[in-house]
Amino acid sequence: MNRRAFLASAASSVALPSVRLTAAPSPAPTDFQIACMTLPYSRFPLDRALAGIKASGFRYVAWGTTHKDAGKDVPVLAPDAPPERAKELAVRCRDMGLEPLMMFSTVYPEHKDGLTILKQRLLQAGAARVPQVLTFGHTKGGNRKLWVERLTALGPIARDNNVLLVVKQHGGETGTGEACAAITREVNHPNVKVNYDAGNVLDYLDKDPIPDIKHCAAEVRSFCIKDHRNWPKDEDCGPGFGEIDHYKLLHPVAFTGQPMPLCCENIFAPLVPRPAKPEAVDVLAKRAREFLEVVVAGLQKVKE
């Protein structure tokens with residue numbers, strides 16, 4: 001046997017190590033937490049709002065702004081209320097079986113008192129263990145430099161209170177998710193992120209939210225659920241009543257492995273008057289919850 005044949009024979013007799021190909025782990029489903037805001041019940045007292053949300057089958061609630069009580073608009077939680085007051089409201093919700101997920105800041109970041117009020121809201125949310133505080137800009141535009149400056153200052157306060165400060169679209173310079181995400185990326189703090197409001201994108205800018213959300217999905221941590229119709233009348237409405245495809249809307253964030261509040265801000269039917277009685281609001285709240293449950297179940301169905 002010559003040298004070349006010997007080497008070839010020796011090489012063929014050496015056992016090659018086995019190579020195990022391990023598939024990349026599948027991304028975990030997003031924990032979509034379907035909540036109802038108290039906002040659709042703003043014509044009625046807060047107590048009735050909470051009772052209706054619970055009776056409509058929700059496990060989660062988001063605090064709105066004001067409620068009619070004895071003919072007056074009463075704040076759910078005043079901007080200057082002590083954190084202890086927020087904690088008491090949260091206990092009240094939890095005693096009913098409702099976990100609060102979000103609260104409105106009720107102030108624009110660019111407002112002259114914006115920094116002060118947003119700080120207080122973060123303290124309130126921290127005391128109440130409400131995970132998110134929602135803010136948004138003026139419909140006529142904002143001041144990006146001031147936004148970045150103030151959100152950068154608020155990030156560490158949000159972190160210290162275990163709260164996310166989320167910004168949503170509201171027309172003007174922050175009318176798209178892409179614009180909001182550009183701001184949160186510049187702030188670059190894990191406790192300052194984006195809330196997505198598809199209804200506002202379609203309403204204020206007449207822009208399709210489906211391509212838009214693809215530009216900001218990595219920054220999105222919650223949704224204000226609101227649909228919109230441009231025909232036959234230009235108006236907001238409840239999910240499934242409008243022109244927005246919620247399967248396509250939620251698809252980019254369906255497998256993040258993170259909690260993701262879906263807070264129903266508008267549950268009303270288009271073209272008809274809003275209900276005068278809270279029992280009719282309950283019916284619409286239940287319909288919104290069931291619609292979103294069907295969408296989420298379909299998106300996260302295990303592929304065969």
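Any value given below was found using the heavy atoms of this structure, including those in side chains, with hydrogens, waters and symmetry copies removed.
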Colleague: Within this structure, what is the NZ-OH distance for the pair Lys168 and Tyr196, rounded to the nearest 0.5 Å?
Modeller: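 That separation rounds to 12.0 Å.
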
Colleague: Is it the case that more than 12 heavy atoms not belonging to Arg59 sit under 6.0 Å from its CZ atom?
Modeller: no

Colleague: Would you call Glu110 and Arg150 a salt bridge, taking side-chain N to carboxylate O under 4.0 Å as the test?
Modeller: no

Colleague: With heavy-atom distances below 4.5 Å as the criterion, would you say the side chains of Phe268 and Cys237 are in contact?
Modeller: no

Colleague: Between Lys68 and Asp73, is there a salt bridge with N-O shorter than 4.0 Å?
Modeller: yes

Colleague: Hey, is CZ on Arg85 packed in by over 12 heavy atoms from elsewhere, all under 6.0 Å?
Modeller: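 Check fails, neighbour count at 12 or below.
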
Colleague: I'd like to check Gln300 versus Val296 (side-chain heavy atoms, cut-off strictly below 4.5 Å). Are they in contact?
Modeller: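 In short, these two side chains touch, coming nearer than 4.5 Å.
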
Colleague: Do Arg43 and Pro278 have side chains that approach each other closer than 4.5 Å (heavy atoms only, starting at C-beta)?
Modeller: no

Colleague: Run the salt bridge (charged side-chain N to carboxylate O under 4.0 Å, His left out) test against Asp47 and tell me which residues pass, sequence neighbours left out.
Modeller: Arg92

Colleague: Please list every donor-acceptor pair under 3.5 Å in which a side-chain atom of residues 100-109 meets a protein atom from a residue at least two apart or in another chain.
Modeller:
| from | atom 1 | to | atom 2 | distance (Å) |
| --- | --- | --- | --- | --- |
| Ser105 | OG | Val107 | N | 3.3 |
| Ser105 | OG | Val107 | O | 3.1 |
| Ser105 | OG | Leu134 | O | 3.0 |
| Ser105 | OG | Thr135 | OG1 | 3.4 |
| Thr106 | OG1 | Arg121 | NH2 | 3.0 |

Colleague: Hey, are the side chains of Cys264 and Leu292 touching, using non-hydrogen atoms and a 4.5 Å cut-off?
Modeller: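 They are in side-chain contact.
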
Colleague: Between Glu293 and Arg289 (salt bridge meaning N to carboxylate O under 4.0 Å), is one present in this structure?
Modeller: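 Counted as a salt bridge, because a side-chain N and a carboxylate O are separated by less than 4.0 Å.
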
Colleague: Between Gln124 (side chain) and Pro82 (backbone), is there a donor-acceptor pair under 3.5 Å?
Modeller: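 Not confirmed, Gln124 side chain does not pair with Pro82 backbone.
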
Colleague: What I'd like to find out is whether the side chain of Pro75 reaches to under 4.5 Å of the side chain of Thr65, using heavy atoms alone.
Modeller: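 Pro75 does not reach Thr65 side chain to side chain.
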
Colleague: Please confirm whether the backbone N or O of Gly175 pairs with a side-chain atom of Asn200, one donor and one acceptor, at under 3.5 Å?
Modeller: no

Colleague: Heavy atoms, side chains only, cut-off 4.5 Å: are Phe136 and Asn195 in contact?
Modeller: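 A side-chain contact is absent here, since even the closest heavy-atom pair is not under 4.5 Å.
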
Colleague: Between Asp203 and Gly199, is there a donor-acceptor pair closer than 3.5 Å when you use the side chain of the first and the backbone of the second?
Modeller: no

Colleague: Using the rule given for salt bridge (Lys or Arg N to Asp or Glu O under 4.0 Å), can you reason through Glu99 versus Arg94, listing the C-alpha separation, both sets of side-chain angles and the distance that settles it, and then say yes or no?
Modeller: CA-CA 6 Å; Glu99 185 64 29; Arg94 293 182 180 114; 3.0 Å; yes

Colleague: Could you tell me whether the side chain of Thr30 and the main chain of Gln258 form a donor-acceptor pair under 3.5 Å?
Modeller: no

Colleague: Is a donor on one side and an acceptor on the other found under 3.5 Å between the side chain of Glu265 and the backbone of Cys224?
Modeller: no

Colleague: Please examine the side chains of Leu115 and Leu154, heavy atoms only from C-beta on, and report whether any two atoms are closer than 4.5 Å.
Modeller: yes

Colleague: Does atom CG of Asp69 have more than 12 heavy-atom neighbours from other groups under 6.0 Å away?
Modeller: yes

Colleague: Does the distance from a Lys or Arg side-chain N to an Asp or Glu carboxylate O, for Arg229 and Asp234, drop under 4.0 Å?
Modeller: no

Colleague: Using atom types as modelled, flag every donor-acceptor pair under 3.5 Å from a side chain in residues 126-133 to any protein atom, sequence neighbours excluded.
Modeller:
| from | atom 1 | to | atom 2 | distance (Å) |
| --- | --- | --- | --- | --- |
| Gln132 | OE1 | Ser222 | OG | 2.7 |
| Gln132 | NE2 | Arg221 | O | 3.1 |

Colleague: Is a side-chain donor-acceptor pair under 3.5 Å present for His228 with Asn266?
Modeller: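 Side chains of Asn266 and His228: no pair found under 3.5 Å.
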
Colleague: Does the gap between the ring centers of Tyr204 and His170 come in under 6.0 Å?
Modeller: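 Yes - the distance between ring centres of Tyr204 and His170 falls below the 6.0 Å cut-off.
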
Colleague: Should Arg48 and Tyr41 count as side-chain neighbours, where that means a heavy-atom distance under 4.5 Å?
Modeller: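 In contact.
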
Colleague: Has the side chain of Asp245 got a donor or acceptor atom that lies under 3.5 Å from a matching backbone atom of Lys248?
Modeller: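 Answer holds: yes.
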
Colleague: Would you check if there is a donor-acceptor pair between the side chains of His189 and Thr152 at a distance under 3.5 Å?
Modeller: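 No, no side-chain donor-acceptor contact under 3.5 Å.
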
